[in-house]
Amino acid sequence: MTDAPTTDRWIRYLNLLQLALAGIIILAPTVWMVLSSLKPSFEVTAYPPTLVFTPTLENYVQLMKTTPFASYAVNSLIVTIGSTSLGLLFGIPAAFAVSWTRVSWPAILTLAARMAPGTLFLLPWYVMFRQVGMIGSYTALILSHAVITLPIVIWVLLPSFDGIPRSVYEAAQVDGCSVTRILWRIALPLVGSGIAVAAILAFVFSWNYFLFALVLSNGDSKTLIAAAFNFIGEGSTQWGALMAAATLIALPPLILAALVQRWLVSGLTLGAVKG
Amino acid sequence: MASISIRNLVKRYGNFAVIPDLNLEIADHEFVVFVGPSGCGKSTLLRIIAGLEPITAGELYIGDKRVNGIPAAQRDIAMVFQDYALYPHMRVYENMSFALELRGTPKAEIDARVKRAAALLHIEPYLDRKPKELSGGQRQRVAMGRAIVRNPKAFLFDEPLSNLDAKLRGQVRAEIKALSQELKTTMVFVTHDQIEAMTMADRIVVLQSGAVQQYDTPEAVYERPANQFVAGFIGSPAMNFFPVEWRGEAVVFSQDGARVPLGLESCGPLRQAGKGVLGIRPEHFAVAADPADGMAVMIKLVEPLGSDTLIHFDLAGASAIARVDPSLRPKVGDRVSLRPQPGKTHLFDSTDGRVLQ
Amino acid sequence: MASISIRNLVKRYGNFAVIPDLNLEIADHEFVVFVGPSGCGKSTLLRIIAGLEPITAGELYIGDKRVNGIPAAQRDIAMVFQDYALYPHMRVYENMSFALELRGTPKAEIDARVKRAAALLHIEPYLDRKPKELSGGQRQRVAMGRAIVRNPKAFLFDEPLSNLDAKLRGQVRAEIKALSQELKTTMVFVTHDQIEAMTMADRIVVLQSGAVQQYDTPEAVYERPANQFVAGFIGSPAMNFFPVEWRGEAVVFSQDGARVPLGLESCGPLRQAGKGVLGIRPEHFAVAADPADGMAVMIKLVEPLGSDTLIHFDLAGASAIARVDPSLRPKVGDRVSLRPQPGKTHLFDSTDGRVLQ
Amino acid sequence: MSDAAATLTQDRQRLELSALSAPAVIFTVAMIAFPVVYTIWLGFQSFSSTGKQSFAGIANYSKLASDYEFWHGLWITIALYILALVLQLVFGVWLALVLFHAKRLPGIVRSMFISPFMMPPVVAGMMWLVILDPSLGAANYILQSLGLPPSEWLASPTWVIPTVALIDSWQWTPYVALIVLGGLQSLPPSVYEAAQIDGASPFKTFQRITLPLLLPTIVTAAILRSVDLLRFFDIIYITTQGGPGNASNTLNVYGFRVGFEFFNIGYASALMLTLTAIVFGAVLAFNRLRGAVAW
Amino acid sequence: ADFDWKKFQGKTVTFLANNNPVGLALLTYKADFEKLTGMTLKVDGYQEQQMRQRLVTVMNARSDEVDVFMTLPSREGEQFAAAGWYADLSAMSKNEAAAEYDLAGLSQALLKAGTFNGKLTSMPMNIEGPILYYRTDILKKCGVEKPATIKDLEAAAQKIKACDSTITPFVSRGLKPAVAYTFSNMLHNIGGTYMANGKSNLCSPKGKQTLDTYSRLLREYGPPGVVNYSFQQISALYRGGRAAMSFESSNELRTVMDGGERLKDTGLAPFPAGEAGQVPTAIGWGIAVSAYSRQPEAAWYFVQWATSPEIQKRMALQGIAPPRPAVANDPEYRKWIDAEPVRKEWQAALDVLATKGSSEVGYPIVANPQSREFIGQAVQDLILKQKTVDQACAEADKALDALIAQK
Ligand SMILES: Nc1ncnc2c1ncn2[C@@H]1O[C@H](COP(=O)(O)OP(=O)(O)OP(=O)(O)O)[C@@H](O)[C@H]1O
Ligand SMILES: Nc1ncnc2c1ncn2[C@@H]1O[C@H](COP(=O)(O)OP(=O)(O)OP(=O)(O)O)[C@@H](O)[C@H]1O
Ligand SMILES: [Mg+2]
Ligand SMILES: [Mg+2]
């Protein structure tokens, strides 16, 4: 119905081409991972690499049989959702305040915990949480993971908040909004895509982080990712199971990304402000 | 419902003093219009009153309360922003109801008020739209609506009608005026439109470079401008200025020594000062029936406005404009004889622009 | 330097046809002004010409070239946006030089052109600032400057002067007019300002709901409006309308049967139609010296504009306005006797608003 | 003058704003104060091989200066950092643009595009180890079937760092892209229309409009990547453990091994703190830059 | 006589396990232990590096959270012992043992390897060591005999290379920290020692010879990228049929046989002899009680159960080579061994390990883990031809001397 400009069409083709290229590079290894999880264990490292094979769910079956996969998954979910929520809860207001005041030390401070190698925290945290008897509790894990999620949330949201025209905040102030209200009623709905990105990133980072779980959890509260290591080991690297575990582990973040992707595409809908 | 009092206000951006030192008293219930050239600090002043801009020095009172440290949210002021500043994610209805909601106004009342404002501004069909789906003028009206649904201590309007057509502007202007009389709320209004300024204001503040040039009623500002700046700024087309001298018991143009056909009654001050600047508004030229009676000029350009016609011409080395009756049907190249209407001329000091009287 | 030709243009947002079916021919070098109520589709039309908005149906030619599929960047058109759309990260200078740079204009020439435009718009002091450090009017001038440094096929201006004070607006208006004559570039200009429309346009397009109501010279639009809408829209304050009938060889107000003091020469059409709507502009009332000669009205409201004074009154059940000389010094409650100036009245069909002649 | 401005700004509002960032600040301080103090203390301890612990003064730090592995690790760390950061920023921006323009891409597919960093880094490392194996891996198999010479990838002292950078970029480019995509969404659309009118080609628009407007976001991504890249660990640990030789022995890998494989906690603490200081420096520098490119 | 398995009924013992086949095999019988003793066994299982990380953390915090943990005495024994992390098992192993425990039945070499300063720190769980996996079919095709000496090995590799260019003649560990495991075997076979007179001895003729031979074998006959090879790659390469000879851990048998392709064409033997004959590396995982455990006796109950003849026999049936010669003769186990020819050869090789084996992997010093780095570094430098043998050994010696001097 509408005439698309001709050059636009070329650009579209070019874009499609790039999309395909990026897709292949990005997805090939992932596809390989999924395929591997469907291969018999020994075939993963077969040479030349096999593309045609009879898929088997054996690895998944074995995974479920040999590990309390579901309960690890529940642990992981609790810890990840907890720490992501905590990160968002603390991070959103902080990012907003930093963007508003342009005073950035709080943002840098929260990042400080990410500047140090994670191993630096192992011993002191172990000592610290042991002192209060929290080793093995979800709380300890959630708190430690929030140290990872918090700076991600803050830093990802900063540019989004910066992008909101000041005068919109000002209008809200004049309308009688306190700063906090402005955050919840005005700023937050406008940075939907930022929040979606922050949530995904925080979730993934927390989900995939194993170091803290290593010392702060015990057998019962161990996370999925920490358990995944069990398939690597001298005398027994179980490739198939490892890939199956990896596939399953990558699933929740993917599902989350798919869920919030609606917010990923919709950015600020400006048209409220001149200039 | 509050007076606004500004004392020794200073506002700087970096080294640049937008407002060097300003004092202003706006009485309760008063309708004050700020006018001044673009960039003179009108918006800044409004934003300071609203509490959106920190003050470099000085004091600000709303009612009896010193509000220097008080955030905008607690000043209970409604404002229309020059750049609209609508909430992009809210529909028009929500944009307008938001402030009321914050105040816990009952739903039914909110609805009534929003509907009323929408009707007044002719934006009922758009209540369900998002700002980005509106035209410029519609957005501006929403911004306006957002303010007038409220019942604040004071309204601040920053060029709220600039994107409306004349007809709508006339209507809205009348409604605002009515509103101000009904609510008895203090109003501060920024506009570039002379008609708006003249028709709405109880008093007009003429600003230049952040300083008050004159603060008086519209008639006074028009008829008795305090200085050459005000005289030149108020009135459209602008007042014509000619350097004149008192020479040989008569007023003559400095440029060519030609005599200015002026009644002597208005020459007193010039007699003392020796020289000055003569100001004549375009509408205060009369076409002299007797050519000898006026100054003969040649028409350079004719601008028919429908109701009137503007003629451009050169006089005493300056380009000048006169507003004449269209029935005159002037044409470029025609010669006409003009004379200032008696008692309608102004004289200013040639150095500092102060009015001479 | 190109004509613009719009044929059977349709533009819809969803189900809402902003422009139902529009035809328009703008000649090369022509200066065309779009006027119309807020939301009637002026910006949309401009954006369509610029290539920023896809067309639902119809054809668009710039010069001889069908540009339906051509992206904006290749149409070589300069545009001033209603919402400025300045580049927030560039200084004023860069904002203005960007387009020239893209065209590989030599540095020295860029500099010269930017400086010239900046001088013309009085924004030289701000060349080093970022847009957020400017006042509303200054931003608007930068947006203007960004367009006029170029030498495009056509200029599109979307209310480019709405935030400027009268004086500056007058200057810039004159400059644009001069520019258009110097460059001989096709210009399309949207404005709400009657004076701008009247003084600048070669031809005026009056739009309503996306449809052209009249497309003619300013004089024609003012003096011979094609229909009641145009008559009511052009002119400020707006034309007064009264339903009238042809009764007993005379024109009478439908409402009260009172006779309208009209010369019979202007009643021909009414005689045929039987009834119609009489239009009288506020400036076309004359104060009758002899009270018996006119219609006696009581002044409800007085609006002194300085150069003129508006009086509001009720006539034949409708609210009406007349523009009178301030020397009359009318007061609320005064009674005056008014009569339409002969030959200055208009008659419209009472059903479809078409002009009767 | 500006202090006058400061005293007169809205105090209540400042308080409220502080209250907004307070939870994050307090939480962070509560979580890291003890570890930092404890580690600083550990850094001044010496753990003799017999497990006895004693105060060592700055011995651990002076040892750093003369430790060849430390300086080598620093060099490796920085080389890898710069290489990987540049790769990821360049391709991340590119990917973000491609995704941004592919508006009609179904959500699931879009999510797939950003999937690599959802893969646990350890798994990614294992996977690439298999793929890049010079004699077993698919990478060389593909190269050879295309008639290209095979590469030693991770086994070559010269190529190990570029290869690790590539692996890391494969995994984290989508992450950068995601952040940049978030930034792209918040750019004012009207500016693009102005650029079109000014006659900017798509490339020019990108270069002169998009990129400068995105810079703050890109710098943010760079900050987030910097803190990870300077502490590069997982993939090396899985694939080369610092080898061949010490060609990929980054500071963090080295520090980890000193602490948890060689059990010298004191020296490891000194190493880690030094590394932390380096990261901190980088973050501060980038934060400055962020201020400079804000619009 | 008065030994009572239920003595600590109701107690909970926490076990930090390594998720390697040894640990996993043991834990299949967890329920049996709990039933037998009435105790609760809380298992915390991790992959090796992670387990070590957790252990280091827990121990450095002097936490009593872990009662029992798995340990590799040949690697970290000295260091942990010096740090005082092991409880002394000497007394308990004698006084608190069930009648059927048979302390003496455990491999004495391995017990010795777990004894530091006269303290018995861990009980052996298995025995393992690098052995040569070779392809009978390829050797036959290329007319090569099963190599009996290191020289033979190299000659065989050369012939294979000439006879079938698609196959990797020989593969072993090249990854820096992993090298010591196989390297030590060759060094000992050649007759070298790591230390002499309290100094590092790599630059001795035998040391140099070993460095040269080991690296040359891998450089000339090994796969490309061998410097990153550890068990994973080696097993994969061999299992995939792309290597003729592979020198890898005995524990890899199961991995190598996965898929069944190598079942029929694989031969197994201890590493060929050198000038000093065959001195295979034989190590084992140990199970130790933490010095910070608040219930060492209860912990010991678990340890003794885990290393009891009954359990070790059962584990043996899962392919965990038992550190008890007696178990190797158990009829049930023999039946399992006889089921496959490769298992027979495997057991035969392990028998050699058990009798002649040395548990010395890397330097017999506290900083053993670190010493392995320098061995690996020297080997890698040679594989990559970045240094001459003299340079490489001299550099390693220098670094190792400094390490030895650290006391
Ligand atoms: N995205 C959109 N979706 C739906 N309606 C739209 C959208 N954009 C504009 N409109 C409608 O189209 C009509 C024409 O808009 P346009 O901006 O052209 O008006 P205009 O004549 O420029 O008005 P103004 O003088 O107020 O700027 C308006 O009624 C507006 O509400
Ligand atoms: N952030 C800033 N930094 C520096 N100067 C600024 C800043 N904001 C505004 N200014 C300057 O302050 C002056 C006053 O601005 P203000 O917006 O109050 O003008 P205004 O009277 O509202 O003009 P207009 O009629 O054009 O809207 C202008 O000259 C403007 O350039
Ligand atoms: Mg302003
Ligand atoms: Mg518009």
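Just so we're on the same page: letters track the sequence lines, and every chain starts at 1.
- Only the side chain of Leu224(D) comes within less than 4.5 Å of a heavy atom of chain A; its backbone N, CA, C and O stay farther away.
- No part of Ala198(A) comes within reach of chain D, as not one of its non-hydrogen atoms sits under 4.5 angstrom from that chain.
- Within the 4.5 angstrom heavy-atom criterion, only side-chain atoms of Ile108(A), from C-beta onward, approach chain D.
- For the set Val98(A), Leu109(A), Leu16(A), the count of heavy-atom pairs under 4.5 angstrom toward chain D peaks at Leu109(A).
- Rounding to the nearest 0.5 Å places CH2 of Trp32(A) at 6.5 Å from NZ of Lys39(A).
- Here Leu123(A) is the residue among Leu123(A), Leu211(A), Leu14(A), Leu259(A) with the most heavy-atom pairs under 4.5 Å with chain D.
- For a residue to count as touching a neighbouring chain, one of its non-hydrogen atoms must lie under 4.5 Å from one of that chain's; by this rule Trp207(A) does not touch chain D.
- Using a 4.5 Å cut-off between heavy atoms, Phe256(D) touches chain A through its side chain atoms alone.
- Between the CZ atom in Arg290(D) and the CD1 atom in Ile218(D) there is a gap of 13.0 Å [rounded to 0.5 Å].
- For chain A, the nearby part of Ala30(D) is the backbone; its heavy atoms alone come within less than 4.5 Å.
- Note: Pro23(D) leads Gly182(D), Ala268(D), Pro23(D) in heavy-atom pairs under 4.5 Å with chain A.
- Per-residue heavy-atom pair counts under 4.5 Å with chain A were compared for Val25(D), Val29(D), Leu273(D), and the maximum is reached by Val25(D).
- In this structure the side chain of Phe286(D) never reaches within 4.5 angstrom of the side chain of Thr220(D), judged on heavy atoms.
- The shortest distance between side-chain heavy atoms of Ile148(A) and Ser206(A) does not fall below 4.5 Å.
- In this structure, chain D has a heavy atom under 4.5 Å from the side chain of Ile154(A), while its backbone stays farther away.
- Only the side chain of Leu122(A) comes within less than 4.5 Å of a heavy atom of chain D; its backbone N, CA, C and O stay farther away.
- Between Phe91(D) and Trp94(D), the ring-plane angle classifies as perpendicular under the 30° and 60° cut-offs.
- The most heavy-atom pairs under 4.5 Å with chain D, out of Pro29(A), Ala146(A), Ala22(A), come from Pro29(A).
- The most heavy-atom pairs under 4.5 Å with chain D, out of Gly194(A), Ser104(A), Ala250(A), come from Ser104(A).
- With a threshold of 4.5 angstrom between heavy atoms, Thr247(A) does not approach chain D through any atom at all.
- For the pair Met243(A) and Met127(D), the minimum side-chain heavy-atom distance is below 4.5 Å.
- Proximity to chain D is limited to the side chain of Leu150(A), based on heavy atoms less than 4.5 angstrom apart.
- Contacts of Phe203(A) with chain D are absent, with no heavy-atom separation under 4.5 Å from either backbone or side chain.
- Counting heavy atoms from C-beta outward, Leu20(D) and Val179(A) have side chains that approach closer than 4.5 Å.
- When the candidates Ile32(D), Leu178(D), Thr217(D) are compared by the number of heavy-atom contacts under 4.5 Å with chain A, Leu178(D) comes out ahead.
- Contacts with chain A were tallied for Asn252(D), Leu284(D), Leu251(D), Val191(D); Asn252(D) has the most, counting heavy-atom pairs under 4.5 Å.
- The line from OG of Ser99(A) to CG of Leu183(A) is 10.5 Å long, rounded to the nearest 0.5 Å.
- Only the side chain of Pro202(D) comes within less than 4.5 Å of a heavy atom in chain A; its backbone stays farther off.
- Taking the side chain as every heavy atom from C-beta outward, Leu157(A) and Phe96(A) never approach each other to under 4.5 Å.
- In terms of heavy-atom pairs under 4.5 angstrom with chain D, the leader among Phe210(A), Phe205(A), Tyr209(A), Trp105(A) is Phe205(A).
- Using a 4.5 Å heavy-atom threshold, the side chains of Tyr175(D) and Ile114(D) count as separate.
- Within the 4.5 angstrom heavy-atom criterion, only side-chain atoms of Asp162(A), from C-beta onward, approach chain D.
- Residues Trp172(D) and Leu229(D) fail the side-chain proximity criterion, which asks for heavy atoms closer than 4.5 Å.
- Within the 4.5 angstrom heavy-atom criterion, only side-chain atoms of Thr101(A), from C-beta onward, approach chain D.
- A distance of 6.0 Å or more separates the ring centres of Phe161(A) and Trp155(A).
- One distance of note links CD of Glu170(A) with SG of Cys177(A); it measures 13.0 Å at 0.5 Å rounding.
- Heavy-atom pairs under 4.5 Å with chain A peak, among Phe280(D), Trp170(D), Phe117(D), at Trp170(D).
- His145(A) and Ser83(A) form no side-chain donor-acceptor contact under 3.5 Å, judged by distance and modelled atom types alone.
- Below 30°, between 30° and 60°, or above 60°: for Tyr38(D) and Trp41(D) the angle between ring planes is between 30° and 60°, a tilted geometry.
- Of the atoms belonging to Val283(D), it is side-chain heavy atoms, and not backbone ones, that fall under 4.5 Å from chain A.
- We find the CZ-CH2 distance between Phe212(A) and Trp125(A) to be 4.0 Å, quoted to the nearest 0.5 Å.
- The CD1 atom of Ile265(D) sits 7.0 Å away from the CG atom of Leu42(D) when rounded to the nearest 0.5 Å.
- Only the side chain of Ile225(A) has a heavy atom closer than 4.5 Å to any heavy atom of chain D.
- Heavy-atom distances place no part of Ser269(D) under 4.5 Å from chain A, backbone and side chain included.
- Most heavy-atom pairs under 4.5 Å with chain D: of the set Ala116(A), Pro253(A), Ala246(A), this distinction falls to Ala116(A).
- Across His101(D), Met272(D), Gln171(D), the residue that shares the most heavy-atom pairs under 4.5 angstrom with chain A is Met272(D).
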